[in-house]
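Nothing here was measured: the structure is a model prediction, and the numbers come from that model. Lettering follows sequence order; numbering is per chain, from 1.
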2 protein chains.
Amino acid sequence: MNTTPTEHTIAAWARLLRVHTQWQERVQSALKAAELPPLAWYDVLLELHRKRHGLRQYEIGERMLLPKHNLSRLLDRLEKEALVTRRASPEDGRGNRVLITRSGRRLLQRMWPVYGRVIQECLEQRLTAAEVTTLAKLLDKLQQ
Amino acid sequence: MNTTPTEHTIAAWARLLRVHTQWQERVQSALKAAELPPLAWYDVLLELHRKRHGLRQYEIGERMLLPKHNLSRLLDRLEKEALVTRRASPEDGRGNRVLITRSGRRLLQRMWPVYGRVIQECLEQRLTAAEVTTLAKLLDKLQQ
DNA sequence: TTGTTCTGGTTGCATCTGCAACCAAATGGA
DNA sequence: TCCATTTGGTTGCAGATGCAACCAGAACAA
């Protein structure tokens, strides 16, 4: 194997990084403009919203690729705003089960339009449907 | 226009975010394992390496999509390690011109193999050359 | 010229992240 | 059983980031 990536590889790499920061910036500033909390809150709430019986902290961490100590404090903030609740886990005495609250769901509903709009502007409106599919397939091969 | 992105769009969006965090994690941990500084240092040094006469701070900021206050302190750290120097800009009394030092270039050379290797593992080895090109083209359409 | 506005850069403060140490419960031998 | 190891989660501290305020020089208008 060659010792260094090809020029094309480097170009693709760099562009992905750049696109990501641009997206990130667009999302966060749109949320802020709407006086909504940061994107990470949305991600947690969405994961929880899908699971009627909540999730263990480590499960959220795995899904979000977030280190546990980081997640622990993120949940502190969410809990302080009464968007989630932590209750002792029945199946494991160490852990706890995290549930979304009613106002957590409400916040989710308020955030989605803002977030979704940015997704449309940054992605959907710039590619054809076929291109989006191709992109998704390629990114899928890069995962994990 | 519809009020919410299609499912495919959302899938592509989510995958890009995920791929990005995975890459980020891989790079940073590889650098750390090799006792090298974080990726941002590499980016700054690389930009400077390309310009014989250095760059203004705001130019670096534009290229890296980094807010100025953030860059200001990043350069503080680099300067403290003698990897760059700031000198008063001749063309603008407010600003300064940032130059890479000799040991800055040396560091760049030590970081590249580690970084490049991750790029190969995460991207080059997972896609064919044609796929890489397709990906780069699609990402290019998403830029700016 | 003079005053206003804009731009490049820095700094103080609050928030967030990463790291390492820690605690307690669970797991897995011997 | 008992002890060592692993796992889920929290916390203290240091480093990094975001935000707003600030300063000085540049640009521009009257």
Enquirer: Need one value for B:R56: base, sugar-phosphate or nothing, where a base atom within 4.0 Å counts as base even if backbone is also close, heavy atoms only.
Expert: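 Sugar-phosphate: the residue B:R56, judged by heavy atoms under 4.0 Å, touches backbone atoms but no base.
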Enquirer: Starting from P on C:dT15, measure out to CG on A:L74 and report it in whole angstrom.
Expert: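 Nearest whole value for this atom pair: 15 Å.
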Enquirer: D:dT17 P sits how many Å from B:H69 NE2, rounded?
Expert: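 In whole Å, D:dT17 P lies 9 Å from B:H69 NE2.
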Enquirer: Apply the side chain to side chain contact (heavy atoms under 4.5 Å, CB included) test between B:L127 and each candidate in B:T133, B:L135, B:T134; give the one that qualifies.
Expert: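 Only one of B:T133, B:L135, B:T134 forms a side chain to side chain contact (heavy atoms under 4.5 Å, CB included) with B:L127, namely B:L135.
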Enquirer: Figure out the CG/P separation between A:D76 and D:dG9, and round it to whole Å.
Expert: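 It works out to 13 Å between those atoms.
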Enquirer: Check the angle between the aromatic planes of A:Y115 and B:W13 and answer parallel, tilted or perpendicular using the 30° and 60° thresholds.
Expert: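 Ring orientation, 0 to 90° scale: perpendicular.
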Enquirer: Rounding to a whole Å, what distance do you find between A:R77:CZ and C:dT15:P?
Expert: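 Distance, rounded to whole Å: 10 Å.
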Enquirer: Are more than 12 heavy atoms, taken from residues, nucleotides or ligands other than B:E91, located less than 6.0 Å from that residue's CD atom?
Expert: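 Yes.
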Enquirer: Can you check the A:K68 NZ to C:dA20 C1' distance for me, whole Å?
Expert: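 Rounded to the whole Å, the gap is 11 Å.
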Enquirer: Compare every heavy atom of B:L99 with every heavy atom of B:L48, then report the nearest pair and how far apart it is.
Expert: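 Closest approach of B:L48 to B:L99, heavy atoms only: CD1-C, 4.3 Å.
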Enquirer: For DNA chain D, what residues of residues 81-93 of chain B have any heavy atom nearer than 4.0 Å?
Expert: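 Contacts with DNA chain D under 4.0 Å: B:D92, B:G93.
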Enquirer: In terms of the angle between their ring planes, are B:W112 and B:Y42 parallel, tilted or perpendicular, with boundaries placed at 30° and 60°?
Expert: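 Parallel, since the angle between the ring planes stays under 30°.
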Enquirer: How is B:P38 classified with respect to the nucleic acid when contacts are heavy atoms under 4.0 Å: base, sugar-phosphate, or nothing?
Expert: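 It contacts nothing in the nucleic acid.
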Enquirer: How many Å lie between CD on A:Q57 and C1' on C:dA24, as a whole number?
Expert: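 Distance check: A:Q57 CD to C:dA24 C1' gives 15 Å.
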